[in-house]
Protein chains: 2
Amino acid sequence: MPTKKYHVPALERALDVIDLIALHESDLSFSEILNSLNIPRPSLARILKILTDRGIITKTGKRGLYSLGMKLLYLGNRLESKLKLKSVAWPFMQELALKTGKTIELSTLDRDQLILIDQIEGNEGVRLFSRIGSAYPYFHTLAAGKIYLAHMEKEKMKDVLRKIGLPTVTKHTITDIDQLEEELSNIMKNGYAFEDQELREGVRRVVAPIYDSHRSLTGCIGIASPIFSFTYEDREYLGRMVKEVAEKISSGMGAK
Amino acid sequence: MPTKKYHVPALERALDVIDLIALHESDLSFSEILNSLNIPRPSLARILKILTDRGIITKTGKRGLYSLGMKLLYLGNRLESKLKLKSVAWPFMQELALKTGKTIELSTLDRDQLILIDQIEGNEGVRLFSRIGSAYPYFHTLAAGKIYLAHMEKEKMKDVLRKIGLPTVTKHTITDIDQLEEELSNIMKNGYAFEDQELREGVRRVVAPIYDSHRSLTGCIGIASPIFSFTYEDREYLGRMVKEVAEKISSGMGAK
DNA sequence: TAATTTAGTATCATATATGATATTTTATAT
DNA sequence: ATATAAAATATCATATATGATACTAAATTA
């Protein structure tokens, strides 16, 4: 797909470097970066120098291993404090965590990707979603994803599904489009979505939509838990619970 | 100082854009960015497009206001989890917070700047330091800064002080180099540093050094509080307390 | 509805960032 | 100490990203 595109190679390369470093657990040497990305030596040296000067990455040790810089901590935190949703939802998340003892998750949509923006881990100690800030593309496997699908215009929804398809992730993943559409309309009726091991074997979720002052979907709050403490029957009362809290958060966001 | 320098204008401009957006509380329009930075219109458009495509910034609304993107949340969190110091120190910070009820601060050095990497706010509810990830240049006004100075070779220390000088921040700020050097040697003797309203009127701190497996200074932990609950005399037992905790964290970091 | 402001695109000559190559510097290994 | 490898810098012809100018599109305002 050679759609005509802007080219700012220096910038794109720099972003590649940042991604590469972020991806690796351990710090990277100059050569490792050089060999992983297709950037000529002097160009890479220049990019690394600028990024280092500006604190985006840091060179540690004498031999010069590169790692992410403190500036990113600052930028991440800066963003976080700007996220109103998070601050409004926070006390309600705590309330839910206290009441249920389960994992509470707050997510939002950014550039057509589902992003986990905050999380309180439950007693079970099982990592249920993933890292804060991480994106997840398989909407049909996630209660929150289904909520977003349910709120789209039918045409846009079909578009999205055409693009990513309905790949199987676990043996419970919904792979039939009619079944999915059926479920989406139920979501709008019930006010919450249920996810039964469709993303991960042994994990269930209920998730409810949060609206902003324009009554448009701005985020989702969910309760997640391993199945041993979240039976199929629990979905009803937990669903009601999460729906009620979502409504309170919505009013906190200015929805009327 | 026109020291010869590398030039990667596209990248430097992009970083300027990011900084500008991070700095503002509210989101920025195309023109606002255009007028704030010296970047030609088409170049700015290209840069904004790439940054948006890669999730570093986000365009909200139809009129297109730019704000920081979720990718930065991811990168910030990625860095955070890499910061071993933070994870090792965390339980000890909690312990200190519980025992003292005061604000506990964890800081480190990055590119010759003092960075606050974590904080537990005390009961007093007074913002004592600043935002997580933010940097502070005036070493001589901060207990943690004095610890770093104390650990430098004398030559390097004098270099640093020559560069930034000893500007007055409050009427308690140490502005005499001999007095400062005296204090630095006391710090090495006592194992902790004391800061008596030198950065901010009405705020006292005690801070102790944390060492890594190479026995080099890797961070500082501190107790901070308004003076009404932190008398001049308190500095001794709080100092001992923070020193002991710092030693425990150091062993956690592998120092022997 | 027309007028005005703002966002974003198109074009293309040219200033300039880039990269092939080689060298120097620095750190690790023998 | 010497050898070896990796990191960082220097040079400079040239491919190419850039920006002056002008334009369209879209949204707000009168």
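The chains referred to below are lettered A, B, ... by the order of the sequence lines, with proteins before strands, and numbering in each begins at 1. Fair warning: this is a prediction, and the values are worked out from it, not measured in the lab. When reading the values below, keep in mind they use all heavy atoms of this one structure, side chains included, and skip hydrogens, waters and symmetry mates.
- Side chain of B:H140 to main chain of B:P167: a donor-acceptor pair is present (N/O by atom type, distance under 3.5 Å, no hydrogens or angles).
- Across the protein-nucleic acid pair, A:I47 atom CD1 and D:dA8 atom P stand 14 Å apart, rounded to whole Å.
- B:R205 places no side-chain N or O within donor-acceptor distance of the main-chain N or O of B:A143, the cut-off being under 3.5 Å.
- When the C1' atom of D:dA26 is taken as reference, atom CZ of B:F30 falls 14 Å away, rounded to whole Å.
- A straight line from CG of B:L65 to P of D:dT28 spans 10 Å, rounded to a whole angstrom.
- Atom CG of residue B:L83 and atom CZ of residue B:R78 lie 11.5 Å apart, to the nearest 0.5 angstrom.
- Whole-Å rounding puts the A:I50 CD1 to C:dA17 C1' distance at 12 Å.
- Distances shown here put a side-chain N or O of B:K59 below 4.0 Å from the OP1 or OP2 atom of C:dG8.
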Check: residues 36-50 of chain B side-chain donor-acceptor pairs under 3.5 Å, at least two apart:
from, atom 1, to, atom 2, distance (Å)
B:S36, OG, B:E32, O, 2.7

Inset, instruction - If a protein heavy atom is under 4.0 Å from the base, mark B; if only from the sugar-phosphate, S; if neither, -; do that for nucleotides 18-24 of chain C going 5' to 3'. - result: BBBB---

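- For A:H151, the ring pair (Phe, Tyr, Trp, His ring centres under 6.0 Å) partners are A:Y211, not counting sequence neighbours.
- For B:L34 and D:dA20, the CG to C1' distance is 13 Å, given to the nearest whole Å.
- Atom pair B:I33:CD1 and C:dT6:P shows a separation of 14 Å (rounding to whole Å applied).
- Side chain of B:T218 to main chain of B:L85: no donor-acceptor pair is present (N/O by atom type, distance under 3.5 Å, no hydrogens or angles).
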